Amino acid sequence: MKRDLDIQRVFEIADDSLQGVIGYHLYVGAIQKAVETDKVQEYLPQKSFQMTLHWIRFYRKQDLIDAFTEPYFEWIQSRISLISMVNVFEVALRNLVFHLRRKGFRQFQRKSIHRIFYSELLKWACKQSLKCDIGNKETLESLPKTLGIIDNARRLRNLIVHNRGLFSDRYERDVIDSYGVIADFHPHYKVYKANPKIPTPVIINSEYFHRLIQAHIEVLHVLHNYIQKEYFGVTKGYSYLREQKPIEWDQVLWGGAKVKILMSK
C-alpha cells in the first residue's frame, strides 16, 4: 500500500517547520555569543522607533541591550522558539484531522475543526499515538513520558501568551491525565507552589527547549506512522534514511522557493 500523500504532506511540512525552528534557535544563539555588544549599538535606532503605523516610541539603547544580555537572551529566545514550536504542532494536528475527515475518517463530531481546542487535539494525538506499533521500539516505549513533555509545552505556551509568562495554578489544573500520559512539570513550578504570592517567571534555557522540541518531532513521526497504517494500510514507518532526506535548509526554511530570485528584483 502507498502512503496517503495529503497526510504525508501535512507531516513533512510540520517536520520541516520544527527543524526550521531548531535551525533558527541554534543559529541565533551562536550569533549572540559571537557578537560584540558595542557593535550592536551602531545598528539600533537612535532615540525612538516606529511602534505602530502611526506612533513613535522613545527608548534608551542601553536599556534594550541590558534586557537582552546573558542569560536573559537565551531565556527570551527559548520562549519565542517554544511559541513557534507549539503553533506548528497545533496546526499539524488540525490539518491531519481535516484530511482524515475529508477522506471519510471522522475523528470529532463537531462540524468545524476550527472550534476544536488544542487540548482536545492533543488528547486525540495521545490516544492515536499510543496505539502505534511500528517504528523505533524505544520511541514507542517512552511515549507516555514523551506525550507528557508535549503537554507541558502546551501549558507553558499558555502561561507565556495568557499570563505574561508567570506560573499560575492553572498550569497544573490543565494537565492531560488520560490515556496513561505521564505528567511533566517545569522544575521552577515548585518555586511557585512554595509561595504562590510571589510572581515566578517561566524560565526556559536552550537545553530545556531542545528537550521539548525533540519530543514534538518524535511524536509527529509516531502519529504519522499510525495514521498511515491504521487508515491507509502502510506497514513501513517513515524513515529519513529510506526517504533519502537530508536536511535541506532552503526546503526547511523557504519550502524550496527560489528566494534569491525575489531578492534580485
Side-chain angles (χ1 to χ4, degrees), residues 1-23 85-110 112-114 116 118-151 153-154 176 178-182 212-256:
M1 299 290 286
K2 291 185 178 181
R3 289 197 199 100
D4 181 87
L5 295 182
D6 290 324
I7 295 296
Q8 181 168 323
R9 185 169 186 271
V10 171
F11 158 73
E12 289 186 337
I13 288 174
D15 194 44
D16 283 348
S17 297
L18 291 172
Q19 290 178 57
V21 174
I22 292 178
M85 170 191 72
V86 174
N87 287 348
V88 166
F89 200 76
E90 178 178 356
V91 169
L93 297 187
R94 204 172 296 279
N95 285 340
L96 288 172
V97 168
F98 169 78
H99 283 293
L100 284 171
R101 175 179 291 192
R102 194 166 61 85
K103 295 169 190 294
F105 307 111
R106 198 179 186 94
Q107 307 295 308
F108 292 87
Q109 293 306 311
R110 225 158 301 174
S112 172
I113 62 168
H114 300 292
I116 303 171
Y118 178 41
S119 59
E120 296 175 280
L121 289 168
L122 191 50
K123 287 177 183 177
W124 168 80
C126 291
K127 185 178 180 181
Q128 302 296 310
S129 299
L130 287 165
K131 291 186 284 187
C132 185
D133 60 1
I134 57 174
N136 182 273
K137 182 180 178 182
E138 291 181 354
T139 297
L140 297 177
E141 288 177 347
S142 62
L143 269 176
K145 194 171 184 178
T146 309
L147 290 164
I149 295 172
I150 291 179
D151 183 45
R154 172 186 67 88
I176 290 177
S178 50
Y179 312 117
V181 174
I182 299 173
L212 296 174
I213 198 165
Q214 288 160 9
H216 282 75
I217 293 173
E218 275 201 12
V219 170
L220 181 68
H221 279 253
V222 172
L223 182 59
H224 175 238
N225 285 343
Y226 174 77
I227 289 173
Q228 293 286 9
K229 181 182 177 183
E230 177 69 13
Y231 299 104
F232 306 103
V234 180
T235 56
K236 281 189 176 180
Y238 187 97
S239 165
Y240 289 133
L241 182 62
R242 188 162 49 248
E243 302 297 323
Q244 297 183 333
K245 191 182 178 187
I247 295 181
E248 300 174 8
W249 292 109
D250 282 347
Q251 179 69 31
V252 167
L253 299 171
W254 303 109

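Fair warning: this is a prediction, and the values are worked out from it, not measured in the lab.
- Annotation for E138: atom CD does not count as buried by contact number, only 12 or fewer foreign heavy atoms lying within 6.0 Å.
- The two atoms that bring V10 and A92 nearest to each other are CG1-O, 3.5 Å, heavy atoms only.
- Atom-to-atom distance recorded for I150:CD1 and Q214:CD is 11.5 Å, nearest 0.5 angstrom.
- Counting only distance, with no hydrogens or angles, the side chain of Q128 and the backbone of Y226 share no donor-acceptor pair below 3.5 Å.
- Taking R94 as the reference, E90, I113, H114, I116, L121 meet the side chain to side chain contact (heavy atoms under 4.5 Å, CB included) condition, with sequence neighbours excluded.
- Evaluation of the side chain to side chain contact (heavy atoms under 4.5 Å, CB included) rule for D151 yields L122, R154, R155, V175, I176 as partners, not counting sequence neighbours.
- Taking each heavy atom of Y179 and C126 in turn, the nearest pair found is CD1-CB, 4.2 Å.
- Side-chain N or O atoms of R101 include one that pairs as donor or acceptor with a backbone N or O of F108 at under 3.5 Å.
- Checked against side chain to side chain contact (heavy atoms under 4.5 Å, CB included), F105 has the following partners two or more places apart in sequence or in another chain: L100, K103, Q107, Y231, F232.
- At a threshold of 4.5 Å between non-hydrogen side-chain atoms, the residues Q19 and D16 count as touching.
- Applying the salt bridge (charged side-chain N to carboxylate O under 4.0 Å, His left out) test to pairs two or more places apart or on separate chains, none has a residue in residues 217-228.
- Taking all atoms of both residues into account, the shortest heavy-atom contact from I217 to I22 is CD1-CD1, 3.8 Å.
- Looking at H224 and D15, their side chains never bring a donor and an acceptor atom within 3.5 Å of each other.
- From R3, atom CZ reaches atom CD of Q8 across 5.0 Å, with rounding to the nearest 0.5 Å.
- Among residues two or more places apart in sequence or in another chain, the side-chain hydrogen bond (donor to acceptor under 3.5 Å, both in side chains) test is passed with E120 by R110.
- A side chain to side chain contact (heavy atoms under 4.5 Å, CB included) with I7 is found for exactly one of N95, I227, L223, namely I227.
- In this structure K229 satisfies the salt bridge (charged side-chain N to carboxylate O under 4.0 Å, His left out) test together with D133, sequence neighbours excluded.
- Rounded to the nearest 0.5 angstrom, F11 CZ and N225 CG are separated by 7.0 Å.
- Rounding to the nearest 0.5 Å places NZ of K236 at 11.0 Å from CD1 of I134.
- Under the salt bridge (charged side-chain N to carboxylate O under 4.0 Å, His left out) criterion, R106 pairs with no residue, sequence neighbours left out.
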Please walk me through it: do L140 and K137 pass side-chain contact (heavy atoms from CB on, under 4.5 Å)? CA-CA 5 Å; L140 297 177; K137 182 180 178 182; 5.9 Å; no
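- A donor-acceptor contact closer than 3.5 angstrom links the side chains of E12 and Y238.
- Here the CG-CD1 distance, from L18 to I213, works out to 5.0 Å after rounding to the nearest 0.5 Å.
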Could you walk me through whether I13 and S17 pass the side-chain contact (heavy atoms from CB on, under 4.5 Å) test, one step at a time? CA-CA 6 Å; I13 288 174; S17 297; 4.2 Å; yes
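- Under the side chain to side chain contact (heavy atoms under 4.5 Å, CB included) criterion, A153 pairs with M85, V86, L212, H216, not counting sequence neighbours.
- What you find for P144 and G180 is that their closest heavy atoms are CB-O, 3.4 Å.
- Considering only heavy atoms from C-beta on, L93 stays 4.5 Å or farther from F98 through its side chain.
- Applying the side-chain hydrogen bond (donor to acceptor under 3.5 Å, both in side chains) criterion to T139, with sequence neighbours excluded, gives N136.
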Determine whether V234 and D4 satisfy the following criterion, side-chain contact (heavy atoms from CB on, under 4.5 Å), listing intermediate values before the conclusion. CA-CA 9 Å; V234 180; D4 181 87; over 6 Å; no
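- Expressed to the nearest 0.5 Å, how far OG of S129 lies from CG of L143 amounts to 6.0 Å.
- Between K131 and E230, every side-chain heavy-atom pair lies at or beyond the 4.5 Å cut-off.
- Applying the ring-ring contact (aromatic ring centres under 6.0 Å, His included) criterion to H99, with sequence neighbours excluded, gives no partner residue.
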